[in-house]
Number of protein chains: 2
Amino acid sequence: MTLDEAKQHLIQAWGTLGSSWGVSRTMAQVHALLLVSPVAMTTEDIMEALQISRGNVNMNVRDLMDWGIVRKVLKPGERKEFFEAEKDVWKIGMQVAKERKKRELEPILRALEQVSTIEADITDPDVKQFAETVENLKKFASNTDKSLESIIKAEENWFWGSFFKLFR
Amino acid sequence: MTLDEAKQHLIQAWGTLGSSWGVSRTMAQVHALLLVSPVAMTTEDIMEALQISRGNVNMNVRDLMDWGIVRKVLKPGERKEFFEAEKDVWKIGMQVAKERKKRELEPILRALEQVSTIEADITDPDVKQFAETVENLKKFASNTDKSLESIIKAEENWFWGSFFKLFR
DNA sequence: CTGAACTTTCAAAATTATCTGAAATTATTT
DNA sequence: AAATAATTTCAGATAATTTTGAAAGTTCAG
């Protein structure tokens with residue numbers, strides 16, 4: 001397997017994984033492409049490598065920047081914008097965890113909070129069972145939330161951050 | 001908010017969450033419906049509650065059973081099949097973790113293994129960088145895999161399993 | 001200020017995922 | 001074994017998402 005074949009392979013696999021993670025195939029592919037590229041790439045480079053349109057590249061690169069895992073790089077003397085991916089896999093994982101927590105866990109916690117304001121006859125067994133299920137979901141979600149929070153915080157902390165680095 | 005309004009609300013929110021997790025909106029809604037239902041439901045019950053077709057209910061219920069979070073229940077003297085959701089939120093979480101590990105983590109590990117068989121000039125700095133990135137991805141993925149594995153195994157172990165129960 | 005180089009936007013088109021419903025199949029009862 | 005009831009399948013319809021590409025917008029050197 002040559003370098004290019006291997007890259008192609010990985011980009012493909014990453015794209016497939018993306019879809020089962022609620023990320024569009026193309027966005028995942030752009031990410032993989034930048035991840036395995038030794039140098040920052042321009043919009044045109046990406047268009048050519050993945051055979052997709054300019055608008056498509058622009059949208060997906062912007063989304064990846066919103067996720068905090070791709071950066072814009074300006075080269076002195078160059079008019080064009082270059083893009084590069086965060087290469088530290090651990091940082092990518094943290095960043096994704098952080099964003100998903102914000103975008104998914106927090107909304108569901110809010111929704112659970114809202115439905116638990118149900119004001120109904122607590123002696124009704126159905127109401128009681130519903131309240132219990134919601135309570136359990138809330139506990140689970142907030143446990144998950146807190147665990148993620150700790151990991152992220154620890155990572156960002158100067159001491160635990162460098163401590164963790166020893167193991168990766 | 002009445003009980004029915006609250007249920008409706010939760011089903012809706014669960015459906016939205018589903019889509020950002022690579023699960024179809026309807027599948028997540030069927031799951032939520034069964035989760036908050038105090039009794040097992042028939043295909044027709046689900047069709048009516050969510051206003052979806054028979055075929056759609058059948059497919060989604062089957063998928064949920066594949067995920068191991070919904071069970072078929074046969075009532076004596078009844079011709080129809082009934083369905084009920086696993087109510088233990090922790091078990092649901094474990095089951096989902098287990099399945100996602102199998103369906104997503106393992107394939108990506110295999111793909112990474114494959115691309116690391118690249119046979120090329122290791123002195124080429126591009127090849128070296130690629131090999132390094134893949135190596136890091138592999139480490140990250142297998143760490144995640146092992147961590148999940150431990151949690152799942154611990155949960156299934158008679159001792160740690162009951163130990164964990166104390167905290168939830 | 002002008003115009004070339006580059007980026008962004010967005011309506012329409014293409015693609016992909018999901019759903020329907022009726023026919024085929026399977027299971028149960030009489 | 002035939003009738004009845006329930007479940008499953010899947011081709012076509014529908015809906016949702018993604019992509020394109022050209023126009024509008026922006027930036028900047030001269």
Side-chain angles (χ1 to χ4, degrees), chain A residues 11-34 39-67 70-84 103-104, chain B residues 11-34 39-67 70-84 103-104:
Chain A
I11 289 169
Q12 218 45 44
W14 210 247
T16 306
L17 188 72
S19 13
S20 57
W21 267 82
V23 172
S24 94
R25 174 185 316 299
T26 306
M27 184 166 145
Q29 288 180 342
V30 172
H31 181 229
L33 177 66
L34 291 173
V39 293
M41 298 179 83
T42 66
T43 299
E44 305 230 330
D45 293 338
I46 301 171
M47 285 169 66
E48 168 153 12
L50 300 179
Q51 291 291 301
I52 58 179
S53 74
R54 182 176 300 283
N56 203 359
V57 170
N58 187 269
M59 288 181 81
N60 283 298
V61 163
R62 186 141 46 67
D63 281 352
L64 287 165
M65 290 196 296
D66 287 346
W67 276 85
V70 162
R71 281 183 293 274
K72 191 179 282 189
V73 183
L74 293 172
K75 298 202 176 179
E78 283 274 16
R79 188 80 174 273
K80 283 182 191 162
E81 297 177 333
F82 289 72
F83 303 98
E84 69 177 13
R103 297 177 194 208
E104 293 152 28
Chain B
I11 290 169
Q12 219 44 45
W14 210 247
T16 306
L17 187 72
S19 13
S20 56
W21 266 82
V23 172
S24 92
R25 175 185 314 298
T26 306
M27 182 165 146
Q29 287 181 342
V30 173
H31 181 230
L33 177 66
L34 291 172
V39 294
M41 297 178 84
T42 65
T43 299
E44 306 228 331
D45 293 338
I46 300 170
M47 286 170 66
E48 168 153 14
L50 300 179
Q51 291 291 302
I52 58 179
S53 76
R54 182 176 301 283
N56 201 1
V57 170
N58 188 270
M59 290 180 81
N60 282 298
V61 162
R62 185 142 46 66
D63 281 352
L64 286 165
M65 290 194 297
D66 287 347
W67 275 85
V70 160
R71 282 182 294 273
K72 191 179 282 188
V73 183
L74 294 173
K75 297 202 177 181
E78 283 273 17
R79 190 81 174 268
K80 285 180 186 160
E81 296 177 331
F82 288 72
F83 303 98
E84 68 177 14
R103 298 176 192 209
E104 293 152 28

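Below, chains carry the letters A, B, ... as their sequence lines are ordered, and counting in each starts from 1. Side chains are part of it too, since the values below use all heavy atoms of this structure and drop only hydrogens, waters and symmetry mates. In this text, all values refer to a predicted model and were calculated from it rather than measured experimentally.
- Atom pair K80(B):NZ and dT29(C):P shows a separation of 14 Å (rounding to whole Å applied).
- Taking atom NZ of K75(A) as the reference point, atom P of dA5(C) lies 20 Å away to the nearest angstrom.
- There is no side-chain donor-acceptor pair under 3.5 Å between Q29(A) and W14(A).
- F83(A) has its side chain out of reach of D45(A): every pair of non-hydrogen atoms, C-beta onward, lies at least 4.5 Å apart.
- Within the 3.5 Å criterion, the main-chain N or O of R54(A) finds no donor-acceptor partner in the side chain of N58(A).
- Rounding to whole angstrom units, CG of residue N56(A) and P of dT18(D) are separated by 10 Å.
- Heavy atoms of R62(B) sit under 4.0 angstrom from primed sugar atoms or phosphate atoms, though from no base atom.
- In this structure, I52(A) places its CD1 atom 14 Å from P of dT16(C), rounding to the nearest Å.
- The side chain of T26(B) sits closest to dC19(C) out of dT27(D), dT8(C), dC19(C).
- For the OP1/OP2 pair of dT8(D) and a distance below 4.0 Å, the side-chain nitrogens and oxygens of N58(B) include at least one atom meeting the criterion.
- Nucleotides of DNA chain D nearest to R54(A) and S24(A) differ in position, and the one nearer the 5' end is that of S24(A).
- Note: CZ (F83(B)) to C1' (dT8(D)) measures 11 Å, nearest angstrom.
- Comparing atom distances between the N60(B) side chain and each of dC19(C), dT8(C), dA6(D) picks out dC19(C) as nearest.
- Side-chain atoms of Q51(A) come within 3.5 Å of backbone N or O of E48(A) as a donor-acceptor pair.
- When distances run from any side-chain atom of K72(B) to the nucleotides dT20(D), dT8(D), dC28(D), the shortest one goes to dT8(D).
- Across the protein-nucleic acid pair, M59(B) atom CE and dA11(D) atom P stand 12 Å apart, rounded to whole Å.
- Residue whose closest nucleotide on DNA chain C sits further toward the 5' end, between S19(A) and E81(A): E81(A).
- If you check dA5(D), dT7(C), dA5(C) against the side chain of R79(A), the one that comes closest is dA5(C).
- One atom, CZ of R25(A), and another, C1' of dT17(D), lie 12 Å apart when rounded to the nearest Å.
- Closest to the side chain of S53(B), from the set dT29(C), dT20(C), dC6(C), is dT20(C).
- Note: CG (L74(B)) to P (dA6(D)) measures 13 Å, nearest angstrom.
- Of the charged side-chain nitrogens involved, none lies within less than 4.0 Å of a carboxylate oxygen, so that E81(A) and K75(A) do not count as a salt-bridged pair.
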